[in-house]
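Note sheet for the following structure.
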Amino acid sequence: MLVNDKSYQTVWMEGNSVMMINQNLLPFDFVIHECKTHWDTCMAITDMTVRGAGAIGAAAGFAMAQVYLEAQEAENPSLILEGRHDIEATRPTARNLFYAVEKVYEAGKLSAVNARTEAQRLALRDTEDTRNIGQFGNSLIKKGANILTHCNAGWLAFVDYGTALSPVYTAHHAGKQVFVYVGETRPRGQGARLTAWELHNEGVPHLIVPDNAVASLMAQKKIDLVIVGADRIAANGDTANKIGTLDRAILANHFGLPFYVAAPLSTFDAACTSGKQIPIEERSKDEVFFQNGIDSNGNQIKVRVSSPGSDAINPAFDITPAGLITGIITEKGIIGADKKSIAAVLKQN
Ligand code: MRU
């Protein structure tokens, strides 16, 4: 996608370094972050310099290639399994991370160069898949539709295009005059910070809405359709996505609105029979206690926004039961959120 008239992807490899847009500094500063070693890349995934299921999948694939290159350089094959472990310990929920590590690990058994080629192939595949998700998802969007999304499942969350926002971009470019309500997505504010920044850059009309305004908007019939992303989809269609997604699904069901999940097949996990098996990441309480922003001079600052005497919890994801999902928009088409449809589409992968 274009940033200041220049085409960017979220994450890529240059030589032995993994390069990424620093998402912790957005929307206030646009900075490219370089990870020279697999450990640097692991740190960037953990602290969410790179974030979003597809983007951390691509970064993890590149990190696995870095592991092979480092092991080759050190002439120490024992670094390979240690490195794989480092990557898999960064963030537990997004399936894409484990999918990419597995694929690149297998490819690297041939050579380090083969590992890098596979990581690059996976990143390219992510781009193609999300572009196709845009085409299929566009068929659900009527002219003048008002769409609610949550978190950031736009191009920043993948290598390019995104999942929930890819249909929005396709519809917008087709002249459908869509409007997007962007849930701010506390505590880290991926909606208010990242989705809003993406939509603004692309010229898509939108409003940032407080997370707790959604029921009221739906009651006023201001929303026609909900599209969200996914971090892991179980074999029965239960879906892990950013905390607060479940609230929106319940509300959509209550108000009779279509609720779609958009995700590539690399997000599906046939080994999880239901959402109960999906690991949910618990992040630092500091993300609840403090917010990052800019002061009146444009300097990035961190401020406490909660009472110092109180404790907090910070689960990063929730599980939306399959029964609340109208359909899943994949790169192969729109499918039902059920065991049979999922098994059939995964056979095509
Ligand atoms: O914690 P994050 O920002 O990495 O969250 C992952 C997500 O981007 C969202 O849950 C998103 O809706 C899933 S699609 C990338």
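Owing to the predicted nature of the structure, the values given are computational and were not obtained by experimental measurement. Start at 1 and go down the list; that is how both ligands and their atoms are numbered.
- Remark: minimum distance from atom 3 (O) of ligand 1 to any protein heavy atom is reached at R51 NE, 2.6 Å.
- For the residue pair E198 / N152, a side-chain donor-acceptor distance below 3.5 Å is found, with atom types taken as modelled.
- In terms of polar-atom proximity, F317 is not counted as a contact of ligand 1, lacking any N or O under 3.5 Å from an N or O of the ligand.
- Every heavy atom of V228 sits 4.0 Å or more from the atoms of ligand 1.
- Residue-environment remark: CD (E73) stays at or below the threshold of 12 foreign heavy atoms within 6.0 Å.
- Looking at H150 next to ligand 1, no N or O pair under 3.5 Å apart turns up.
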Sequence neighbours excluded and cut-off under 3.5 Å, please list the side-chain donor-acceptor pairs for residues 53-64, or say none.
none

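- By the criterion of a heavy-atom distance under 4.0 Å, neither the backbone nor the side chain of R188 is placed next to ligand 1.
- If you look at I56 next to ligand 1, there are no close heavy atoms at all, none under 4.0 Å.
- Residue K276 places its NZ atom among 12 or fewer non-hydrogen atoms of other residues, nucleotides or ligands, all under 6.0 Å distant.
- Crowding of D5 atom CG: a count of heavy atoms from other residues, nucleotides or ligands under 6.0 Å not exceeding 12.
- Within ligand 1, the atoms closer than 4.0 Å to a non-hydrogen atom of A157 are 15 (C), numbered from 1 in the order shown.
- No hydrogens or angles considered: a donor-acceptor pair under 3.5 Å links the side chains of D47 and T49.
- Heavy-atom separations between A230 and ligand 1 include at least one value shorter than 4.0 Å.
- Across R84, R91, H85, a single residue satisfies side-chain hydrogen bond (donor to acceptor under 3.5 Å, both in side chains) together with E88, and that is R84.
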Counting only pairs under 3.5 Å, give me each side-chain donor-acceptor contact of residues 253-260, with atom names and distances, residues two or more places apart or in other chains.
none

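- In this structure, Y99 has its ring center at least 6.0 angstrom away from the ring center of F268.
- Of all protein heavy atoms, the one closest to atom 15 (C) of ligand 1 is A53 N, 3.2 Å.
- If you check the side chains of T93 and E281, you find no donor sitting under 3.5 Å from an acceptor.
- In this structure, the protein non-hydrogen atom closest to atom 6 (C) of ligand 1 is D231 OD2, 3.0 Å.
- Heavy-atom separations between E281 and ligand 1 are all 4.0 Å or longer.
- Given atom 1 (O) of ligand 1, the protein heavy atom at minimum distance is K242 NZ, 2.6 Å.
- The closest approach between any non-hydrogen atom of R283 and ligand 1 is not below 4.0 Å.
- Protein heavy atom at the shortest distance from atom 12 (O) of ligand 1 is N241 OD1, 2.7 Å.
- Below 4.0 Å from some heavy atom of R91 lie the following atoms of ligand 1, by number and element: 1 (O), 2 (P), 4 (O).
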